[in-house]
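Chain identifiers are assigned alphabetically (A, B, ...) following the order of the sequence lines, protein sequences preceding nucleic acid strands; residue numbering begins at 1 within each chain. All of these numbers come straight from a predicted model, not from anything done at the bench. Atom set for the values below is all heavy atoms of this structure, side chains included, hydrogens, waters and symmetry mates excluded.
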Number of protein chains: 2
Amino acid sequence: MSRTERRTVRDLRRGHRAMLLRALYFGGPASRHDLCAATGLSAGTVSTLTADLLDEDVVIEAGQVDSDGGRPRVLLRVNPDHGYAIGVDVGETQVRVELFDLGMTERSGASYALHSARHDPELVVRHLLEGIDTVLADSGVPAERVLGVGVGVPGVVEAGPDALVHATTFGWHAVPFGALVRAGTSLPLFVDNGAKTMGQAELWFGSCRGVSDAVIVFIGSGVGCTIVADGAIYRGSARAAGELGHLKIAAGGRPCRCGGRGCFEAYVGAEGILDRAGITADSADQRPALARLLETGSPVLADTASLIGLGLSNLVHLFDPERIVIGGWAGLMLGESLLEPIRAATAANTMATSFPPVPIVLGALGADAVAMGAATLVVEEFLRGAQPAGAQATA
Amino acid sequence: MSRTERRTVRDLRRGHRAMLLRALYFGGPASRHDLCAATGLSAGTVSTLTADLLDEDVVIEAGQVDSDGGRPRVLLRVNPDHGYAIGVDVGETQVRVELFDLGMTERSGASYALHSARHDPELVVRHLLEGIDTVLADSGVPAERVLGVGVGVPGVVEAGPDALVHATTFGWHAVPFGALVRAGTSLPLFVDNGAKTMGQAELWFGSCRGVSDAVIVFIGSGVGCTIVADGAIYRGSARAAGELGHLKIAAGGRPCRCGGRGCFEAYVGAEGILDRAGITADSADQRPALARLLETGSPVLADTASLIGLGLSNLVHLFDPERIVIGGWAGLMLGESLLEPIRAATAANTMATSFPPVPIVLGALGADAVAMGAATLVVEEFLRGAQPAGAQATA
DNA sequence: AGACCATAATCTAAGCCTTGAAAAAAGTCA
DNA sequence: TGACTTTTTTCAAGGCTTAGATTATGGTCT
């Protein structure tokens with residue numbers, strides 16, 4: 001039925017302001033003239049809106065470009081120091097906290113190792129809060145300049161103020177993670193699935209820039225994905241969409257740690273691959289073990305490629321994406337040598353049409369994009385609302 | 001990155017006008033007062049907008065309701081005779097053409113049988129055009145009151161003016177179906193996959209009314225689905241999304257008519273079920289054959305239920321829908337006796353969370369919803385644009 | 001019956017917003 | 001220095017929504 005909202009004349013301005021900010025954020029430095037072209041707004045409107053943004057210090061000037069015999073255009077860009085965002089990656093082996101400026105330059109970071117079978121929620125939250133203090137102290141950024149904290153966790157995050165997290169790998173069932181964190185900090189908090197935060201990072205700055213329909217597959221110890229539909233991340237009715245890891249690719253197949261059978265993850269997640277090769281590895285040892293397996297070679301790898309292809313073909317048939325991106329530490333590792341076989345297997349399982357095959361590429365941001373993606377949740381909110389910094393104060 | 005468009009003050013009015021029309025269309029008869037509540041607009045705005053709509057005869061009065069001691073409210077509703085829409089179902093056994101008024105009451109219909117291996121595009125188009133003439137003549141509706149023709153076809157419809165259709169069951173490869181039809185009529189034309197048109201019918205008037213995230217599964221001779229994301233049908237980058245029939249549920253499994261192996265459709269489409277039961281049936285004979293199979297019973301049926309459950313669990317994990325609807329003639333037939341086993345199999349294959357299980361229900365509109373859904377494509381355009389009927393004439 | 005009350009719909013003044021055109025600003029080139 | 005270019009800013013005009021006042025329409029009470 002399509003969302004339609006009442007709008008007042010003022011909403012126009014708010015919307016245009018956000019458009020302009022977005023254009024500046026993603027379109028790099030641009031002059032007012034460029035912005036007219038980019039947004040379709042008239043020169044007058046751009047002029048008054050940018051004046052506001054400059055006044056509020058959200059946007060700053062960034063040099064000039066002279067134009068063949070005319071008034072030189074003044075370049076504008078988002079002020080990277082107008083605010084900061086903290087991104088947290090709660091992974092299986094560590095909690096990593098990073099502080100970024102608005103330009104997504106990392107200003108400081110801190111890591112806390114997690115030992116297997118020690119994923120106590122309180123411990124994780126303690127690390128997280130300590131990490132926030134540490135990155136603030138190290139970077140010298142005052143807490144009040146931080147726009148918020150984004151966290152990527154390896155599980156399903158339920159909508160709601162408590163951000164209940166279901167993470168089978170951690171043994172977390174309905175852990176009120178958001179509530180626990182909020183008890184220790186008053187910064188605005190955004191919690192999402194780690195595969196989704198990574199996906200948003202690839203969507204904004206990586207292999208999916210400008211793509212409006214895509215699937216970003218995250219292969220680590222387990223498997224997840226981010227579905228990008230019409231340029232936005234699709235989260236489903238209870239924010240649980242994209243559980244690619246538990247897609248069934250064989251009736252009554254291998255048992256999965258979720259309790260089911262035949263899950264995609266049980267075959268092509270790092271743990272599943274190693275297990276199929278007869279190797280048992282602790283979560284901290286899986287990276288080197290998989291690297292060794294790739295070096296020495298194994299018949300399991302060819303199977304892996306063809307099974308991944310099978311899974312990706314399912315994504316192609318259901319979503320018809322413009323592109324598929326493979327990320328996550330294991331995905332990137334596998335991709336280095338297996339990308340071609342994966343492409344071939346996907347094509348072999350995809351129904352022939354007149355369309356060219358869907359491009360399958362590796363993530364551009366490396367294995368550490370989860371924290372950056374988490375920080376983009378904060379920036380996204382900033383770009384959406386983009387309310388004047390001191391709005392409350394002046395009221 | 002989310003769609004953002006420049007808007008002028010006038011777009012506000014256009015948008016609000018469309019909102020109001022939508023509210024009236026789906027919210028049945030309503031007073032201006034009700035509309036204020038439904039849309040959030042002020043009384044003044046509703047008053048002037050409805051005055052326009054009444055002037056243009058798009059909306060008419062529909063009686064009064066007295067309010068405990070006050071001026072009675074005047075009910076308004078969309079004028080069903082303001083325009084008409086033609087819906088066409090191009091199926092495997094027949095071409096069915098139906099004419100609806102704006103209230104989706106069928107005014108007249110015509111069918112043309114197709115014989116197997118006689119799915120020549122020109123023949124189909126000839127039937128279709130003849131059907132349009134017939135329903136117009138039978139109903140007495142003049143062609144200029146028809147807002148457009150919607151067509152549901154059993155295959156992938158490529159975006160573009162020619163509406164290239166790829167339908168493996170018909171042996172159609174890149175058939176310029178849209179161009180062929182347009183050569184014979186000047187009515188506005190909308191061509192889409194039949195599973196999607198059926199899905200839209202269920203979304204608007206059937207089992208998915210008011211649901212914003214859902215999957216509507218169409219099981220006929222083959223299998224397809226409609227993905228509803230955020231209240232709108234998701235079509236993917238090349239309008240090829242929702243090819244559920246070719247989801248792979250077993251590596252190297254049963255051969256499918258698409259040329260692949262292990263496709264969902266090869267197991268649970270009517271043809272696949274009958275084949276697994278050792279029955280070969282022409283497309284026209286599949287209905288009675290499946291009915292007989294269901295009467296006599298067969299071990300194949302239990303397998304079918306559990307395989308459907310497996311497939312539906314994949315939809316749950318990937319899309320996290322609020323609801324799953326099963327439709328299509330075979331789906332409705334199977335559902336009568338197998339709905340419980342299907343629900344159980346889906347639940348068994350779905351990862352446990354704290355969420356209640358996804359409701360799985362049968363389509364409410366019967367097996368003939370494809371044509372009605374095709375007609376809704378026309379109405380959808382009418383509700384979106386909703387430009388005054390005589391806009392061009394007055395200009 | 002008449003005064004009074006309740007609810008619905010319309011009218012009106014005020015405030016915003018965008019636009020397009022004109023004016024101003026800031027250079028280049030001869 | 002003056003003519004010409006190109007970018008920005010300024011400003012009047014037109015359109016839209018809103019809140020509140022006003023009119024319309026019927027019930028209820030005495």
Side-chain angles (χ1 to χ4, degrees), chain A residues 4-21 23-24 29-55 59-77 386-388 391, chain B residues 4-21 23-24 29-55 59-77 386-388 391:
Chain A
T4 27
E5 288 255 324
R6 175 183 85 101
R7 293 198 175 292
T8 108
V9 180
R10 252 156 153 159
D11 291 316
L12 283 182
R13 200 170 187 80
R14 266 193 282 276
H16 289 161
R17 185 189 154 106
M19 265 172 77
L20 222 50
L21 204 50
L24 275 174
S31 70
R32 292 173 179 78
H33 198 69
D34 298 335
L35 289 173
C36 293
T39 61
L41 293 168
S42 74
T45 303
V46 170
S47 193
T48 58
L49 277 172
T50 50
D52 285 358
L53 291 169
L54 280 164
D55 269 357
V59 158
I60 53 175
E61 300 197 346
Q64 299 194 345
V65 181
D66 44 331
S67 59
D68 329 300
R71 176 171 173 176
R73 46 185 77 178
V74 176
L75 293 180
L76 302 174
R77 65 188 186 109
Q387 58 280 79
Chain B
T4 26
E5 288 253 328
R6 171 182 90 101
R7 293 198 176 290
T8 109
V9 181
R10 255 159 150 159
D11 291 317
L12 283 183
R13 199 167 187 82
R14 267 192 281 276
H16 288 161
R17 185 190 154 104
M19 266 172 76
L20 222 50
L21 205 50
L24 275 175
S31 70
R32 293 173 177 77
H33 198 70
D34 298 335
L35 289 173
C36 293
T39 61
L41 293 167
S42 73
T45 303
V46 170
S47 194
T48 59
L49 277 172
T50 51
D52 285 358
L53 290 169
L54 280 164
D55 269 358
V59 159
I60 54 176
E61 300 197 345
Q64 300 195 346
V65 180
D66 45 328
S67 58
D68 326 299
R71 176 172 173 176
R73 45 186 76 180
V74 176
L75 293 181
L76 303 173
R77 66 189 186 109
Q387 57 280 83

query = Reading nucleotides 20-25 of chain C from the 5' end, what letters show protein touch, with B for base, S for backbone sugar-phosphate only, - for no heavy atom under 4.0 Å?
reply = -----B

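- For the pair B:Leu35 CG and C:dA8 P, the interatomic distance rounds to 13 Å; values are reported in whole Å.
- The distance from atom CZ of B:Arg73 to atom P of C:dA9 is 7 Å, rounded to the nearest whole Å.
- Residues satisfying the salt bridge (charged side-chain N to carboxylate O under 4.0 Å, His left out) criterion with B:Arg73, sequence neighbours excluded, are B:Asp34.
- B:Val74 comes within 4.0 angstrom of the backbone, heavy atoms only, and of no base.
- Residue contacts for A:Thr48: at a heavy-atom cut-off of 4.0 Å it reaches no nucleic acid atom on any strand shown.
- When the side chain to side chain donor-acceptor pair (under 3.5 Å) test is applied to A:Ser47, no partner is found at least two apart in sequence or on another chain.
- Heavy-atom contacts of chain B under 4.0 Å fall on DNA chain D between two terminal nucleotides, which in 5' to 3' order are D:dG15 to D:dG27.
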message = For A:Thr45 and A:Leu20: C-alpha separation, side-chain torsions, deciding distance, then whether side chain to side chain contact (heavy atoms under 4.5 Å, CB included) applies.
response = CA-CA 10 Å; A:Thr45 303; A:Leu20 222 50; over 6 Å; no

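- When rounded to the nearest whole Å, the span between CD of A:Gln64 and P of C:dT28 equals 10 Å.
- With sequence neighbours excluded, the residues that form a side chain to side chain donor-acceptor pair (under 3.5 Å) with A:Arg14 are A:Asp11.
- Listed by chain and number, the residues in a side chain to side chain donor-acceptor pair (under 3.5 Å) with A:Thr50 are A:Arg32 (sequence neighbours excluded).
- Sorted by first then second residue, the salt bridge (Lys or Arg N to Asp or Glu O under 4.0 Å) pairs that include residues 37-47 of chain A, not counting sequence neighbours, number zero.
- Comparing B:Asp34 and B:Val9, the nucleotide of DNA chain C nearest to each residue sits closer to the 5' end for B:Asp34.
- Looking at residues two or more places apart in sequence or on another chain, you find a side-chain contact (heavy atoms from CB on, under 4.5 Å) between B:Ala62 and B:Leu75, B:Arg77.
- Contact annotation: B:Arg32 side-chain N/O to C:dT10 OP1/OP2 distance is under 4.0 Å.
- Minimum heavy-atom separation, B:Leu76 to B:Leu24: O-CD2, 3.4 Å.
- Spacing between atom NE2 of B:His16 and atom C1' of C:dC17 amounts to 14 Å, rounded to whole angstrom units.
- Where A:Pro72 and B:Leu41 each meet DNA chain D at their nearest nucleotide, the meeting point lying more 5' is that of A:Pro72.
- Going from atom CG of B:Leu54 over to atom C1' of C:dA9 covers 12 Å, rounded to whole Å.
- Where A:Asp66 and A:Arg14 each meet DNA chain C at their nearest nucleotide, the meeting point lying more 5' is that of A:Arg14.
- Among residues two or more places apart in sequence or in another chain, the side chain to side chain donor-acceptor pair (under 3.5 Å) test is passed with A:Thr48 by A:Arg13.
- One can place CG of B:Leu49 at 14 Å from C1' of C:dA9, the figure rounded to the nearest angstrom.
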